[in-house]
Amino acid sequence: RAEGERYRQLGVPGDRLTRITPGAAATEVVLDPVGFRASLGLPSHTRLIMTAGRLEPSTAMKSAIWGFDMLRYEAPELHLVIVGEGPDRAGVEDFGRALAFDDYRIHFTENRPDIQSVLALADVVWVSQERGGVNLALEAMAAGRPVVGWKNADLADIIDDGVTGLLAEPGERAQLSAKTYPLIHEAGLVEKLGSAGRERLAERFSATRMVDQFARLYDELSQ
C-alpha cells in the first residue's frame, strides 16, 4: 500500500497500479551458532541484536548504534551485529567507537546470501531504515525472530505491532531501545513474537503467494 501511494502521488493513475504482496521463503539452512559467534571473536553465550543494510551516509545504522548504546549497560552479554557493505563502513564504525570507546560491542559482517540463517541466531532484529526495510523484516519473520523497527508506512504494512513485532515512532531511538528492552529479558516474549511472525509470513507473505500474483499479472497483460 505504501509503495502504491508513492506512485499515486507521482501522478500514476490508480487503474495502472497492481498491488503484489511481498514475500519470502523460509530456509532450511541452519548455521552453527557457536561457529558464527567465533567468527566474530565472540564467546558462545553472547546474545545478539542484528540489523542489515547498506552502509552509507544516512541515519539508519547510526540509529541502531545509538539505540544499542542505551541497552548495552543493561545486558553485558549483548552485542550488536551489522550485516552489510557500503562506502560509509568506516564512518559507521567510528560513530560506534565514539559512543562506546570504553566498551565496544559492535561487529560487522559482509553481505550474506544466507542472511535468513544468520538472522535466526539473533534475539532481536532491528529494522532502522527511515523508509523501506520490508525485505529485512520478512527475512526475520521467516527466521522466527521478532522485528523491532520504525512505525513507517512500509513496515506498518508488514508488522502487526505487538503481535508479530514491535514498532517505535520514526527516529525515536530511545523508544527503539525501550521497545527492545522486554525482549532481552523475557525469552518467552521473543519466542511468542517470533512464532507469530513466522505464522503471519506463511499466511500472507509467502514466496509462493507472491509468485502466483506475478503469474496472474503476466497472464492478464498477455491477453
Side-chain angles (χ1 to χ4, degrees), residues 24 36 40 42 46-56 58-75 77-86 88-89 92-93 95-96 99-100 104-109 111-112 115-152 154-187 189-191 193-194 196-198 201:
F36 178 78
L40 298 175
L42 299 174
T46 303
R47 300 178 64 193
L48 305 175
I49 291 177
M50 289 190 188
T51 188
R54 184 165 171 77
L55 305 181
E56 56 188 5
S58 70
T59 62
M61 295 306 164
K62 292 180 180 178
S63 290
I65 290 172
W66 203 307
F68 178 73
D69 192 62
M70 301 178 198
L71 285 175
R72 65 186 176 93
Y73 301 100
E74 294 289 336
E77 75 283 3
L78 191 66
H79 289 244
L80 175 65
V81 176
I82 297 175
V83 182
E85 302 167 1
D88 200 37
R89 159 68 187 270
V92 173
E93 186 169 353
F95 179 77
L99 286 181
Y104 189 70
R105 285 185 261 147
I106 302 169
H107 312 271
F108 295 83
T109 184
N111 290 328
R112 302 277 306 229
I115 181 64
Q116 191 181 124
S117 299
V118 172
L119 296 177
L121 303 180
D123 288 77
V124 181
V125 175
W126 276 352
V127 182
S128 57
Q129 287 82 354
E130 295 86 350
R131 195 177 83 175
V134 168
N135 289 338
L136 176 57
L138 291 174
E139 295 289 358
M141 292 167 69
R145 298 292 86 193
V147 172
V148 181
W150 301 134
K151 192 184 293 183
N152 59 37
D154 301 281
L155 280 192
D157 270 353
I158 304 299
I159 302 298
D160 187 354
D161 191 16
V163 178
T164 62
L166 300 170
L167 299 178
E169 292 301 320
E172 293 292 335
R173 298 154 177 168
Q175 195 176 124
L176 184 73
S177 298
K179 293 276 186 177
T180 305
Y181 183 85
L183 295 170
I184 65 175
H185 292 286
E186 301 176 32
L189 183 57
V190 169
E191 295 307 317
L193 293 178
R198 178 174 280 179
L201 182 97

Exercise. Are Trp150 and Ser63 linked by a side-chain donor-acceptor pair shorter than 3.5 Å?
Worked result: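 Side chains of Trp150 and Ser63: no pair found under 3.5 Å.
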
Heavy atoms only: give me the nearest [X]-[Y] pair and the separation to one decimal.
X: Ala75; Y: Ile184; result: CB-CD1, 4.2 Å
X: Gly165; Y: Leu193; result: N-CD2, 4.2 Å
X: Ile106; Y: Gly96; result: CD1-CA, 3.9 Å
X: Val147; Y: Ala137; result: CG2-O, 3.9 Å
X: Pro182; Y: Ala178; result: CD-O, 3.3 Å

For this session: Please step through side-chain contact (heavy atoms from CB on, under 4.5 Å) for the pair Val134 and Asp157, ending with a clear verdict.
Result: CA-CA 9 Å; Val134 168; Asp157 270 353; over 6 Å; no

Problem set entry | NZ/NE/NH1/NH2 to OD/OE distance under 4.0 Å, Arg89 and Glu85 |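 Looking at Glu85 together with Arg89, the answer is no, because their closest N to O distance does not fall below 4.0 Å.
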
Checking side-chain contact (heavy atoms from CB on, under 4.5 Å) against [X], which of [options] comes through?
X: Met50; options: Leu121, Leu136, Ile115; value: Leu121
X: Leu167; options: Asp160, Val127, Leu176, Asp161; value: Asp161
X: Val124; options: Leu166, Leu183, Leu78; value: Leu183

Would you compute the distance between atom [atom1] of [X] and atom [atom2] of [Y] and round it to the nearest 0.5 angstrom?
X: Arg72; Y: Ser177; atom1: CZ; atom2: OG; result: 11.5 Å
X: Ile158; Y: Asn152; atom1: CD1; atom2: CG; result: 10.5 Å
X: Trp66; Y: Ser128; atom1: CH2; atom2: OG; result: 14.0 Å
X: Asn111; Y: Leu55; atom1: CG; atom2: CG; result: 8.0 Å
X: Asp123; Y: Ile49; atom1: CG; atom2: CD1; result: 7.5 Å
X: Glu93; Y: Ile65; atom1: CD; atom2: CD1; result: 9.0 Å

For this session: Could you tell me whether the side chain of Gln175 and the main chain of Glu169 form a donor-acceptor pair under 3.5 Å?
Result: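 Answer holds: yes.
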
Problem set entry | Donor-acceptor under 3.5 Å (Thr51 side chain, Trp126 main chain) |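 Present.
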
Exercise. Between Arg47 and His79, does a side-chain contact (heavy atoms from CB on, under 4.5 Å) hold up when you go through it step by step?
Worked result: CA-CA 6 Å; Arg47 300 178 64 193; His79 289 244; over 6 Å; no

Are the side chains of [X] and [Y] in touch, meaning some heavy atoms are under 4.5 Å apart?
X: Arg198; Y: Leu201; value: no
X: Val92; Y: Phe108; value: yes
X: His107; Y: Ile82; value: no

For this session: Please say whether the positively charged group of Arg105, taken as NZ for Lys or CZ for Arg, lies over the ring of Phe68, i.e. under 6.0 angstrom from the six-membered ring centre and within 45 degrees of the axis.
Result: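 Judged by the rule (NZ or CZ under 6.0 Å from the ring centre, within 45° of its axis), Arg105 is not positioned above Phe68.
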
Exercise. With respect to Arg145, which candidate in Glu139, Glu191, Gln116 satisfies the side-chain hydrogen bond (donor to acceptor under 3.5 Å, both in side chains) definition?
Worked result: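 Passing option: Glu191.
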
For this session: Taking atom CZ of Arg112 as the centre, report whether more than 12 heavy atoms of other residues, nucleotides or ligands fall under 6.0 Å from it.
Result: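 Buried by this count: over 12 neighbours within 6.0 Å.
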
